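Being a predicted model, the structure only gives us computed values, none of them experimental. Computed over heavy atoms, backbone and side chain alike; hydrogens, waters and symmetry mates excluded.
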Amino acid sequence: MNEWWGGREMAYMLPKVFYHINTSCFIAEKNEEIVGFLIWIMSQTKLDQAYIHFRGVHPGYRKNDIGKQLHEKYCDSAWKEDPLFY
């Protein structure tokens, strides 16, 4: 996963984030390999808002609408979580 960000050390961050926010993260898999993810959070101070905290798509799977599908799932889920979300 570090290769997704040009070799930057990022992989160690994901298990911690997934553990703490597992109800608001989505993972895209192909052949049991993670090819994309999106982590979102409802705002604690602005109860009618949510935001994307962290997302990524494997470089070999970009241009396959994985990011778009994850984003659409985020919009659907955030809306269900709080109908005032925009």
Side-chain angles (χ1 to χ4, degrees):
M1 195 164 286
N2 294 334
E3 296 162 2
W4 297 16
W5 283 274
R8 287 178 47 208
E9 287 292 323
M10 302 294 280
Y12 75 94
M13 295 173 57
L14 291 179
K16 294 174 187 176
V17 173
F18 288 155
Y19 176 77
H20 291 288
I21 333 176
N22 61 21
T23 59
S24 59
C25 64
F26 306 118
I27 299 172
E29 293 181 309
K30 183 161 185 173
N31 300 324
E32 298 183 18
E33 176 186 5
I34 294 175
V35 296
F37 65 90
L38 186 147
I39 300 165
W40 63 277
I41 300 170
M42 293 299 295
S43 174
Q44 292 182 7
T45 57
K46 297 187 184 276
L47 301 179
D48 61 342
Q49 296 181 20
Y51 71 95
I52 296 173
H53 176 68
F54 196 27
R55 65 181 162 195
V57 174
H58 185 290
Y61 291 92
R62 293 181 184 157
K63 307 249 186 229
N64 290 311
D65 287 335
I66 292 171
K68 178 181 177 182
Q69 292 173 34
L70 289 168
H71 188 83
E72 288 172 353
K73 189 166 178 67
Y74 153 73
C75 289
D76 290 344
S77 295
W79 185 266
K80 288 177 187 174
E81 183 77 24
D82 186 337
L84 298 176
F85 168 78
Y86 58 89

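- C25 and I39 make their closest contact through CB-CG1, 3.7 Å (heavy atoms, listed as atom of the first residue, atom of the second, distance).
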For this session: Mind running side-chain contact (heavy atoms from CB on, under 4.5 Å) on K68 and E72 for me, showing each step along the way?
Result: CA-CA 6 Å; K68 178 181 177 182; E72 288 172 353; 3.2 Å; yes
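- A pairwise comparison of heavy atoms in S77 and W40 identifies CB-CZ2, 3.8 Å as the closest pair.
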Mind listing the side-chain donor-acceptor pairs of residues 56-66 below 3.5 Å, one per line with the distance, residues two or more places apart or on another chain?
from, atom 1, to, atom 2, distance (Å)
H58, ND1, G60, N, 2.8
R62, NE, V57, O, 2.9
R62, NH2, W4, O, 3.4
R62, NH2, V57, O, 3.0
N64, ND2, Y61, O, 3.0

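- Aromatic ring pairs are classed by plane angle as parallel below 30°, tilted from 30° to 60° and perpendicular above 60°; the pair H71 and Y74 is tilted.
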